[in-house]
Protein chains: 2
Amino acid sequence: MSAAQKHDIFQAIADPTRRKILKLLADKKLPVTAISRHFPMSRTAVSKHLRILSESKLVSVEKAGREKLYKLQPEALLELKEWLSFFEQFWDNKISMLKYFVENEEIGKLNLIMPESNEESKDS
Amino acid sequence: MSAAQKHDIFQAIADPTRRKILKLLADKKLPVTAISRHFPMSRTAVSKHLRILSESKLVSVEKAGREKLYKLQPEALLELKEWLSFFEQFWDNKISMLKYFVENEEIGKLNLIMPESNEESKDS
DNA sequence: ATTATATGAAACTTTTTGGTTACATGTCAA
DNA sequence: TTGACATGTAACCAAAAAGTTTCATATAAT
């Protein structure tokens with residue numbers, strides 16, 4: 001069912017505000033008003049972002065009195081993970097070293113492992 | 001350097017055309033004209049997508065005679081991987097079962113592991 | 001030299017996106 | 001039952017995105 005939903009997960013996470021919302025919800029369920037306090041925009045704008053996140057199943061909603069609690073649904077990120085893993089196959093031999101540099105926040109030094117940094121370049 | 005580049009990786013992969021381009025380039029380097037044959041749009045439109053992919057370092061360019069060969073740069077996806085890994089911490093215990101369902105294309109049955117599917121719901 | 005191929009840039013159009021304000025509804029507290 | 005709080009929807013607007021066509025430039029082939 002659901003031939004083509006309007007918002008896919010790639011689109012959903014494209015917006016910085018929505019990514020920040022996801023991080024907020026990682027801690028705990030929150031109602032719209034609480035969420036919107038973290039942003040320099042109206043509650044209504046945040047509400048629209050939440051609708052988009054809901055459509056792509058990244059968050060779920062739960063009624064609690066007059067509030068509606070939004071909850072992170074991290075399983076939806078599985079699709080992204082699968083997509084990523086396809087490309088990792090073209091990548092594997094470099095990943096562990098890259099991980100090292102990233103985890104040590106020294107990604108700026110990454111040219112150290114790039115072989116093309118020689119003085120003169122010979123073809124083939 | 002480069003305080004805030006115009007296109008980040010999340011935006012770059014948000015567009016389906018660009019994701020397809022990345023898959024094409026996974027196989028081999030290609031010039032714009034060859035790439036655009038896979039799409040129902042003009043070469044110029046594809047060229048613009050490639051510029052966006054370049055800006056976010058997902059592809060690199062290499063001059064070859066009168067052609068320009070575009071090449072996949074999968075390392076740029078590391079940022080995405082890092083972002084994802086943050087959320088996996090809220091996810092770990094479910095991941096293996098989810099993987100099973102996904103790999104067997106039975107994601108529709110996922111409610112099997114959702115505890116809230118009882119007949120009546122008791123508060124707290 | 002001349003023609004054909006490969007490309008990017010510019011100007012323009014249409015659609016989508018992200019935001020606003022105003023309004024209607026539902027729930028809690030007095 | 002009246003007032004305050006929490007929310008979503010509607011109508012609207014501006015800016016960004018994605019596409020088009022036209023043009024200019026560089027390289028290759030004849």
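Excluded from the calculations below are hydrogen atoms, water molecules and symmetry mates; all remaining heavy atoms, backbone and side chain alike, are included. Computed from a predicted structure; not experimentally measured. Letters A, B, ... mirror the listed sequences (proteins, then strands); counts begin at 1.
When heavy atoms are screened at a 4.0 angstrom cut-off, B:Ser47 is found touching the sugar-phosphate backbone but no base atom. Backbone-only contact: B:Tyr70 has heavy atoms under 4.0 Å from sugar-phosphate atoms and none from a base.
Following rounding to the nearest Å, A:Leu69 (CG) and D:dG8 (P) show an atom-to-atom distance of 11 Å. Put simply, CG on A:Asp8 is 14 Å from P on C:dT16, counting in whole angstrom units. The separation between A:Leu53 atom CG and D:dG8 atom P is 13 Å, rounded to whole Å. A straight line from CD1 of A:Ile21 to P of C:dG18 spans 11 Å, rounded to a whole angstrom. Atom CG in B:Leu50 sits roughly 13 Å away from atom P in D:dA18 (whole-Å rounding). Between the NE2 atom of A:His7 and the C1' atom of D:dA17 there is a distance of 14 Å, rounded to whole Å. Between the P atom of D:dA18 and the NZ atom of B:Lys20 lies a distance of 16 Å, rounded to the nearest Å. Taking atom CD of B:Glu67 as the reference point, atom P of C:dG8 lies 11 Å away to the nearest angstrom.
Look at A:Arg19 and B:Asp8 and you find a salt bridge, because one of the NZ, NE, NH1 or NH2 atoms lies within 4.0 Å of a carboxylate O, short of that distance. Remark: A:Glu75 does not engage A:Lys57 in a salt bridge, criterion side-chain N to carboxylate O under 4.0 Å.
For the residue pair A:Val59 and A:Ser54, the shortest heavy atom distance occurs at CG2-OG, 3.4 Å. Across A:Leu58 and A:Ala76, no two heavy atoms sit closer than the pair CD2-CB, 3.8 Å.
For the pair A:Lys23 and B:Phe86, the cation-pi test (distance below 6.0 Å, angle within 45°) is passed.
Here A:Lys63 does not reach the OP1 or OP2 of D:dT7: none of its side-chain N or O atoms lies under 4.0 Å away. For A:His49, a side-chain nitrogen or oxygen approaches OP1 or OP2 of C:dG19 to under 4.0 Å. Put simply, A:Arg18 has a side-chain N or O that comes within less than 4.0 Å of OP1 or OP2 on C:dG18. An OP1 or OP2 oxygen of D:dT20 is reached within less than 4.0 angstrom by no side-chain nitrogen or oxygen of B:Thr44. For the pair B:Gln11 and D:dA16, the criterion of a side-chain N or O lying under 4.0 Å from OP1 or OP2 is not met.
In this structure, A:Pro40 and A:Arg43 both approach DNA chain C, and ranking their closest nucleotides by distance from the 5' end singles out A:Pro40.
Among the nucleotides D:dT7, D:dT27, D:dT22, the one closest to the side chain of B:Arg66 is D:dT27. Distance from the side chain of A:Asp15 is smallest for C:dG18 among the nucleotides C:dA6, D:dT7, C:dG18. The side chain of B:Arg51 approaches C:dA9 more closely than any other nucleotide in the set C:dA9, D:dT20, C:dG19. The listed nucleotides are C:dG19, D:dG8, D:dA6; the one nearest the side chain of A:Met41 is C:dG19.
Each of B:Lys68, B:Lys71, B:Lys29 was evaluated against B:Glu62; a single residue qualifies, B:Lys29, per the salt bridge (charged side-chain N to carboxylate O under 4.0 Å, His left out) test.
Evaluation of atom-type donor-acceptor distances gives a pair under 3.5 Å for the side chain of A:Lys48 against the base of C:dG19.
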